[in-house]
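Here the structure is laid out as structure tokens; the discussion comes afterwards.
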Amino acid sequence: MPRPWSETEFAGLLALSDVFCFYGAGPSFAMGRVVVGEAELLTLAVDPRAQGQGLGRTALQSYEDAAAARGAEVSFLEVAANNHTAIKLYMSHGYSESGTRRGYYTDADGAKVDALVLSKPLVKV
């Protein structure tokens, strides 16, 4: 898995006016931003001891609701191609693969990992 973000990286993002963070039920959160009608899920996290309880799904839905309320019509994200649990969550929530970023992430052992770009329309038609 890619290295975790540092406290400095989180603080820098949260200082930006277009970034928002939703703290979910229990030990979980989602951070995103909306720019010109597009939302980007920057990160979604659930404490490993609480995974498998639906907290990630709840945080993801809350992120999408907050993004739509900020005018986003579509959401996108990048996820490590080897993060099968996250990919399963996003796909079951209506996201579909729209691209690949080759060697986007670096694992703890230095290996390069592709990122899948996933997207989902937020506007109901």
Side-chain angles (χ1 to χ4, degrees):
M1 293 295 164
R3 72 165 179 78
W5 289 6
S6 71
E7 183 178 339
T8 301
E9 289 168 318
F10 274 111
L13 283 168
L14 287 171
L16 300 173
S17 63
D18 60 346
V19 173
F20 60 95
C21 190
F22 171 80
Y23 297 94
S28 64
F29 73 93
M31 181 186 297
R33 67 175 148 207
V34 175
V35 178
V36 193
E38 290 186 343
E40 177 183 14
L41 178 64
L42 298 169
T43 192
L44 186 149
V46 176
D47 184 311
R49 296 168 294 190
Q51 289 177 351
Q53 299 175 19
L55 299 177
R57 183 171 305 283
T58 299
L60 181 58
Q61 184 61 58
S62 296
Y63 150 79
E64 291 176 1
D65 293 344
R70 288 168 170 76
E73 298 175 2
V74 65
S75 174
F76 71 94
L77 60 93
E78 287 109 0
V79 60
N82 61 357
N83 190 343
H84 304 293
T85 301
I87 293 167
K88 182 178 175 181
L89 169 66
Y90 298 134
M91 295 295 204
S92 72
H93 214 261
Y95 284 80
S96 60
E97 190 173 341
S98 56
T100 302
R101 299 187 197 284
R102 300 279 178 223
Y104 186 77
Y105 294 111
T106 303
D107 266 347
D109 65 2
K112 292 293 187 182
V113 178
D114 293 347
L116 301 181
V117 179
L118 306 181
S119 61
K120 172 185 178 177
L122 297 178
V123 176
K124 310 287 189 246
V125 278

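All values reported here derive from a predicted model rather than from experimental measurement.
Scanning both residues, Tyr95 and Leu77, for their nearest heavy atoms gives CE2-CD2, 3.7 Å. Taking each heavy atom of Ala39 and Leu122 in turn, the nearest pair found is CB-CD1, 4.4 Å. Residues Val113 and Ala81 share a closest heavy-atom pair of CG1-N, 4.0 Å. Annotation for Glu97 and Leu116: closest pair OE2-CD2, 3.6 Å, computed over non-hydrogen atoms. Ala59 and Ala30 make their closest contact through O-CB, 3.7 Å (heavy atoms, listed as atom of the first residue, atom of the second, distance). Nearest heavy atoms, Gly32 versus Tyr63: CA-CE1, 4.0 Å.
Residues satisfying the side-chain hydrogen bond (donor to acceptor under 3.5 Å, both in side chains) criterion with Glu78, sequence neighbours excluded, are Arg101. The side-chain hydrogen bond (donor to acceptor under 3.5 Å, both in side chains) check on Tyr90 picks up nothing, with sequence neighbours excluded.
Looking only at side-chain heavy atoms (C-beta outward), Lys112 and Arg102 stay at 4.5 Å or farther from each other. By the 4.5 Å heavy-atom criterion applied to side chains, Asp107 and Asn82 are counted as neighbours. The shortest side-chain heavy-atom distance between Val34 and Asp18 does not fall under the 4.5 Å cut-off.
Partner of Val46 under the side chain to side chain contact (heavy atoms under 4.5 Å, CB included) criterion, chosen from Leu89, Leu55, Thr85: Leu55.
Ser62 OG to Leu44 CG: the interatomic distance, rounded to the nearest 0.5 Å, is 10.0 Å. If you take CG on Leu118 and CZ on Phe76, they are separated by 11.0 Å, rounding to the nearest 0.5 Å.
A salt bridge (Lys or Arg N to Asp or Glu O under 4.0 Å) check over residues 35-60, counting only residues at least two apart or in different chains, returns the pairs Arg33-Glu40, Asp47-Arg49.
Using a 3.5 Å distance cut-off with no hydrogens or angles, the side chains of Ser96 and Lys120 do not pair a donor with an acceptor.
No continuous path of hydrophobic side-chain contacts links Val117 to Leu42 [ILVMFWY only; heavy atoms under 4.5 Å].
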